Amino acid sequence: MNSLTTRFAPSPSGLLHLGNARTALFSLLAALPDGRFLLRIEDSDRARVSPAFEAALRVDLEWLGFGAYIDEAAIWRQSERSGVYNDFLERLAHENLVYPCFCAESELVAERASLRARGLPPRYSGRCAALKPADARSRIMAGERAVWRFRVPPGQEVGFCDVVRGPQRMATNLLGDFVVRRANGEAMFFFANALDDALSGVTLVLRGEDHLANTPRQILILRALGLPVPDYGHLPLVLSASGVPLSKRDGAGSLAALREEGFLPLAVVNYLARLGAVVESERLLPLVELAQAFDRRRIGHAPAHYDRDQLLHWQRLAMAATPVAEWVSWVAKHVPQADRLRFVEAVRPNALFPEDYRRWAEIMYGERRTLDDDARAAIVAAGGELFHAAVAHLDAGGVAGDLPAVLKAAGHGGRRLFHGLRAALTGRVAGPELKDILALMPRALVARRLRECGSTDAKNL
Ligand code: GLU
């Protein structure tokens, strides 16, 4: 029995990339089969988020197959919860655990610079902590702007055991009293984030290690409020092949781009499940089985590198696992019903993406075919005579499938023959078996393409 509640809490400020998707996946896998997996939209920073990115991330999560595990009624949106954050801030204020701070930004900047110059951590001096509550209140009543700071207990340590990185400790003296509410009344991101985790019953937070520095502060807040503190696990970043962190804003490695390219969701999910984590199986697995083979205690803490070859490996397996009926649906527009099964079987060794099936369908059944440079060279090398002989065979009522044997018997044997025919018919020198091409392509199209190669200089094709 797994009673974990996990969540994915994206900020809709860009397209989800593989790193974000991995955080979502690990959170889901940790919760399956019978824990809860929540989605929370962290959209409180109005300047950076947009409904379009929220819509895009919902599309991505659906595409990955996570939608079935998300309880729509339990989705929280931070922009709708400011009342809750205010209530909890007031509770803290009531207990004198937060205080208003009137220090000007310029003073704070100077203070931090001076601390840094002396080699000290740039924390707040605590100047406003000593203000009398009555004085602070009258300044606020008089319209003075204030942020609210959390009164950090001095001389303590905040410790927690990170599920990924092991024991962590932070001396509260290093923290300084931190801001939990801005002067404009908005809750700070990590304040809202900690409250929402606790209030929605989240028991395990898996998130990017860029949030590690927030955790001690969040633990202090939750403890001060008597709210439950979840377990935390901070996942190392996913770096691009060139070693830079993937970023939501530059679209690198975005799920949308991978989908567009034709990657299948099952390939992406199987790839990500192994990206810095251990799955006790080399097989392509559906989500529920991945969850059984996934151990959240064995997530690595070194940065993971995006490796396209690995992703392509899973793509191959996912393509092979796709039901034939689906391949058939990809080509239905071009390929006559009776040919479809043989066609998809013939194309299968050359198909890495669904688009490859469509491309070959267009090549073998469409009106136009384009020649690549190798095909041009192969047609020139085959020579006009070979194509004349081929056309003569067809004109005399011969079967297209007999062409290789007939042409060979007429002295056109070898590589020249096979490359030449394939290039003339498909515009490519690699692809499905020639015997399948000849059996499947409409006879009139075969005759026309061979005739073109016999009558025209290949450069003009
Ligand atoms: N909203 C944060 C982000 O998109 C995630 C915070 C968290 O998971 O705790 O980076």
Side-chain angles (χ1 to χ4, degrees), residues 4-31 36-58 60-61 64 66 70 74-82 85 160 162-165 168 178 180 186-222 227-239 245-256 272 296 299 303:
L4 287 182
T5 297
T6 64
R7 50 56 159 189
F8 179 49
S11 304
S13 58
L15 293 174
L16 289 192
H17 58 58
L18 282 170
N20 310 127
R22 187 181 64 149
T23 303
L25 174 67
F26 285 10
S27 302
L28 174 59
L29 294 181
R36 293 183 78 209
F37 171 67
L38 304 174
L39 174 63
R40 183 169 76 233
I41 307 294
E42 301 212 311
D43 59 350
S44 52
D45 186 352
R46 303 281 168 89
R48 286 181 44 215
V49 302
S50 91
F53 285 132
E54 184 179 334
L57 81 86
R58 298 301 303 272
D60 287 341
L61 294 177
L64 287 167
F66 301 174
I70 295 172
I75 297 176
W76 286 3
R77 190 167 279 99
Q78 279 187 340
S79 57
E80 294 165 0
R81 296 178 46 75
S82 50
Y85 310 141
F160 66 100
D162 190 290
V163 174
V164 177
R165 307 162 71 97
Q168 307 287 313
F178 51 82
V180 286
E186 267 176 25
M188 291 297 280
F189 155 74
F190 61 89
F191 182 70
N193 171 280
L195 285 181
D196 284 346
D197 282 334
L199 299 174
S200 59
V202 168
T203 54
L204 172 64
V205 169
L206 291 177
R207 60 182 175 186
E209 69 179 11
D210 44 332
H211 293 287
L212 183 61
N214 288 329
T215 308
R217 294 184 285 175
Q218 294 185 306
I219 292 174
L220 286 172
I221 292 166
L222 294 177
L227 291 173
V229 177
D231 288 333
Y232 291 93
H234 292 88
L235 306 174
L237 297 180
V238 179
L239 304 177
L246 299 179
S247 143
K248 257 191 209 161
R249 258 155 275 161
D250 64 15
S254 74
L255 290 183
L272 288 177
R296 67 178 184 278
I299 299 173

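Bear in mind the structure is a predicted one, so any value in this text is a computation, not a measurement. Note that ligands are numbered from 1 as they come in the structure, with each ligand's atoms numbered from 1 the same way.
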Would a distance-only check, ignoring hydrogens and angles, find a side-chain to backbone donor-acceptor pair under 3.5 Å from D197 to V202?
no

Distance-minimising heavy-atom pair for A256 and L15:
CB-CD1, 4.4 Å

In residues 227-236, what donor-acceptor pairs under 3.5 Å come from side-chain atoms, sequence neighbours left out?
from	atom 1	to	atom 2	distance (Å)
H234	ND1	D162	OD2	2.6
H234	NE2	R207	NE	3.2
H234	NE2	T215	OG1	3.0

Taking only non-hydrogen atoms of F8, do any sit less than 4.0 angstrom from ligand 1?
no

Could you list which atoms of ligand 1 come closer than 4.0 Å to a heavy atom of E42?
1 (N), 2 (C), 5 (C), 6 (C)

Which of the listed options, H211, H234, R207, holds the heavy atom that is closest to atom 3 (C) of ligand 1?
H211

What are the atoms of ligand 1, with element, lying closer than 4.0 Å to any heavy atom of R7?
7 (C), 8 (O), 9 (O)

How close do T203 and L4 get, counting heavy atoms only, and between which atoms?
OG1-CA, 3.5 Å

Should N193 be counted as touching ligand 1, given the test is an N or O pair under 3.5 Å?
yes

Within ligand 1, which atoms have a heavy atom of P10 less than 4.0 Å away?
1 (N), 4 (O)

Between E54 and R77, is there a salt bridge with N-O shorter than 4.0 Å?
yes

Using a 3.5 Å cut-off on N or O atoms only, is A9 in polar contact with ligand 1?
yes

Output field: ring centroids F178/F190 closer than 6.0 Å:
yes

